[in-house]
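One structure below.
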Amino acid sequence: MNWDQIEGKWKQMRGSVKQQWGKLTDDDIDRVEGSRDKLVGKIQETYGIEREEADRQVSNWFDRL
């Protein structure tokens with residue numbers, strides 16, 4: 001799976017995102033719209049972590065799909 005497929009299936013991926021990052025609200029997930037950069041930014045903002053750490057978390061999540 002590549003990120004373009006994630007964007008296309010974003011509505012189906014919501015549950016997996018919510019399970020991984022439970023502090024993200026449904027509105028947060030809606031605003032991400034499948035964008036990797038937006039997801040990384042929202043995780044960084046919500047969890048108060050460095051961008052590199054948020055990026056690593058997204059990469060690890062993506063690798064497990």
Side-chain angles (χ1 to χ4, degrees):
M1 184 177 289
N2 63 41
W3 200 264
D4 289 335
Q5 291 171 310
I6 297 288
E7 287 182 22
K9 296 180 178 183
W10 188 244
K11 292 208 184 285
Q12 294 94 322
M13 303 305 299
R14 293 172 51 92
S16 178
V17 171
K18 188 75 170 172
Q19 184 177 12
Q20 182 69 33
W21 297 284
K23 288 184 180 180
L24 295 181
T25 66
D26 289 337
D27 286 344
D28 291 337
I29 295 170
D30 286 344
R31 285 188 202 105
V32 167
E33 301 172 321
S35 166
R36 189 180 198 290
D37 285 339
K38 287 181 182 179
L39 179 58
V40 169
K42 187 49 74 178
I43 292 166
Q44 177 188 10
E45 174 186 324
T46 302
Y47 285 86
I49 59 177
E50 297 289 328
R51 184 160 186 88
E52 293 78 22
E53 172 61 18
D55 190 55
R56 185 189 63 76
Q57 288 183 18
V58 170
S59 292
N60 288 343
W61 170 77
F62 179 75
D63 290 344
R64 290 190 309 269
L65 294 178

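Considering every non-hydrogen atom in both Gln57 and Ile49, the closest pair reads NE2-CD1, 3.7 Å. For the pair Lys42 and Leu24, the tightest heavy-atom approach, listed with the atom from each and the gap, is CG-CD2, 3.6 Å. Nearest heavy atoms, Lys23 versus Asp28: O-OD2, 4.4 Å.
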Yes or no on side-chain contact (heavy atoms from CB on, under 4.5 Å) for Leu65 and Ile6, after CA distance, side-chain angles and deciding distance?
-> CA-CA 10 Å; Leu65 294 178; Ile6 297 288; 3.3 Å; yes
Given Met13 and Ile29, is the side-chain contact (heavy atoms from CB on, under 4.5 Å) satisfied, shown in steps?
-> CA-CA 10 Å; Met13 303 305 299; Ile29 295 170; over 6 Å; no
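Atom CH2 of Trp21 sits about 5.0 Å away from atom CG of Leu39, to the nearest 0.5 Å. How far CD of Gln20 is from CG of Asn60: 8.5 Å, rounded to the nearest 0.5 Å. For the atom pair OG1 (Thr25) and CZ (Arg31), the distance works out to 6.0 Å, reported to the nearest 0.5 Å.
At least one side-chain heavy atom of Asp37 sits less than 4.5 Å from a side-chain heavy atom of Arg51. Residues Lys18 and Asp26 meet the side-chain proximity criterion, which asks for heavy atoms closer than 4.5 Å.
With sequence neighbours excluded, no residue satisfies side chain to side chain donor-acceptor pair (under 3.5 Å) with Ser35. Scanning for side chain to side chain donor-acceptor pair (under 3.5 Å) contacts around Arg36 gives Asp55, Ser59, with sequence neighbours left out.
Note on ring orientation: taking the six-membered ring where Trp is involved, the planes of Trp3 and Phe62 are tilted (angle from 30° to 60°).
For Glu50, the CD atom counts as loosely surrounded, since its 6.0 Å shell holds 12 or fewer non-hydrogen atoms of other residues, nucleotides or ligands.
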